[in-house]
Each structure stands twice: as C-alpha cells, then as structure tokens.
Amino acid sequence: MFSPPDMEILSKFPPQSQEQKMQPRKQGEFESVHRDLIVGMGKWEFDPMELENPFPNNEGSVHLWMGDQDRFVPVKLQRYIAKKLPWINYHEITGGGHLFSVTDGMADTILTTLLNVKD
C-alpha cells in the first residue's frame, strides 16, 4: 500500500520488533483494521462539502497538506475538496507519499508556512 516515496522513508527507520508490529491490533482485528475501513469507506455523519469556514473573519486559517503519491488518502478527493472550499489553503507535495511530512526539512517548511501566513 505504501508508495515508492513512502518505502524510501520507511527504509531509513530500524525494523519493527514483533511487539511493535502487534501494537496496532491490541484491541482486536475488528477495532484496528476494519474500523479504519468503515471510517474511510462508510457513510459519515456530515458532508465535507458542507463545512463552513471556521475563521470567517480571517482570525485563523485552514491548511491541507497532501503528497501527490499518497495511496492512503485519494489525492483527487483532496484536490476536489480544496477546490470547492476556497478557504482551505491547499499544499500538494510533488513526489510525496503519505509519509511526506517526515522527510528532511518538511517539518520546517510546514511550520515556516504556517508562521508566515498573513490573514
């Protein structure tokens, strides 16, 4: 499921122990794996397209960061939402996967962007 950029990032981390591999499933298979599928593919209690700007007086801002090679969150969906909700500041990382935020320098880039926002 991980994209090539994600696999490159993961290769830099030490291998997980057996205990670490089992950690996400401590609540059982249904709660850990199937619940994610239900949330991702099921019916939500709200429609994201009906979200209102939480900062209508420009006292804050909303930023959405997305790697264009993310295989967990559909990039087309994020692009669509960002286009339909113009108050979202959309940042798409070319060549980035789901784990783009842990690449060298990306945390600084995100933080600098957020601190330099002029509303």
Side-chain angles (χ1 to χ4, degrees):
M1 181 91 186
F2 287 104
S3 65
D6 291 331
M7 294 302 290
E8 185 178 331
I9 291 167
L10 290 171
S11 73
K12 296 177 182 179
F13 290 95
Q16 288 185 327
S17 68
Q18 193 60 26
E19 183 179 330
Q20 289 171 319
K21 288 178 184 177
M22 297 306 294
Q23 185 69 28
R25 292 191 162 101
K26 277 194 170 185
Q27 293 180 312
E29 193 77 18
F30 182 81
E31 287 299 321
S32 61
V33 177
H34 296 107
R35 184 70 60 186
D36 287 349
L37 290 171
I38 290 169
V39 170
M41 307 297 179
K43 185 160 176 57
W44 294 1
E45 295 177 11
F46 69 97
D47 181 350
M49 302 291 39
E50 294 176 2
L51 291 174
E52 294 182 17
N53 184 348
F55 306 108
N57 299 319
N58 292 325
E59 66 273 20
S61 59
V62 176
H63 290 256
L64 175 62
W65 294 78
M66 180 78 196
D68 69 349
Q69 293 186 34
D70 192 321
R71 292 184 180 172
F72 289 88
V73 181
V75 69
K76 286 182 180 182
L77 175 62
Q78 301 298 46
R79 287 175 184 155
Y80 179 80
I81 290 172
K83 184 177 180 181
K84 293 294 183 182
L85 302 176
W87 45 268
I88 292 178
N89 296 294
Y90 181 66
H91 309 272
E92 189 169 296
I93 308 304
T94 303
H98 190 71
L99 303 175
F100 77 88
S101 62
V102 297
T103 57
D104 291 340
M106 188 51 68
D108 289 337
T109 298
I110 293 170
L111 188 58
T112 300
T113 300
L114 295 176
L115 293 174
N116 286 326
V117 171
K118 294 178 175 85
D119 291 322

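If you're wondering where the values come from, they're calculated on a predicted model, not measured in any experiment. Excluded from the calculations below are hydrogen atoms, water molecules and symmetry mates; all remaining heavy atoms, backbone and side chain alike, are included.
For F2, the ring-ring contact (aromatic ring centres under 6.0 Å, His included) partners are F72, not counting sequence neighbours. Taking the side-chain contact (heavy atoms from CB on, under 4.5 Å) definition, one finds that Q18 meets it with K21, M22, sequence neighbours left out. By the salt bridge (charged side-chain N to carboxylate O under 4.0 Å, His left out) test, R79 is found to be paired with E92, residues two or more places apart in sequence or in another chain being considered. For Y80, the side chain to side chain donor-acceptor pair (under 3.5 Å) test picks out no residue, with sequence neighbours left out.
Legend: side chain to side chain donor-acceptor pair (under 3.5 Å) pairs involving residues 40-51, not counting sequence neighbours: none detected. Every pair tested for salt bridge (charged side-chain N to carboxylate O under 4.0 Å, His left out) that includes a residue from residues 60-71 fails, sequence neighbours excluded, so the list is empty.
Within the 4.5 Å cutoff, side-chain heavy atoms of P56 are placed close to those of E59. A heavy-atom distance below 4.5 Å is found between the side chains of M49 and I81. At least one side-chain heavy atom of L115 sits under 4.5 Å from a side-chain heavy atom of L111. Between P54 and W87, some side-chain heavy-atom pair lies under the 4.5 Å cut-off.
Within 6.0 Å of atom CE in M41, 12 or fewer heavy atoms from other residues, nucleotides or ligands are found, so the atom counts as exposed in its surroundings. Applying the 6.0 Å contact sphere to CD of E8 captures no more than 12 heavy atoms from other residues, nucleotides or ligands. Counting heavy atoms of neighbouring residues, nucleotides and ligands inside a 6.0 Å radius, atom CD of Q20 exceeds 12 of them.
In this structure, L99 CG and M106 CE are separated by 12.5 Å, a value rounded to the nearest 0.5 Å. Here L64 contributes atom CG and L85 contributes atom CG; the two are 10.0 Å apart, rounded to the nearest 0.5 Å. Expressed to the nearest 0.5 Å, how far CH2 of W65 lies from CG of L114 amounts to 6.5 Å.
Considering every non-hydrogen atom in both G67 and V75, the closest pair reads O-CG2, 4.2 Å. Between P5 and G97, the closest heavy-atom pair is CB-N, 4.0 Å. Between V73 and Q78, the shortest heavy-atom contact is CG1-NE2, 3.4 Å.
Checked by atom type and distance alone, the side chain of T103 pairs as donor or acceptor with a backbone atom of F100 at under 3.5 Å.
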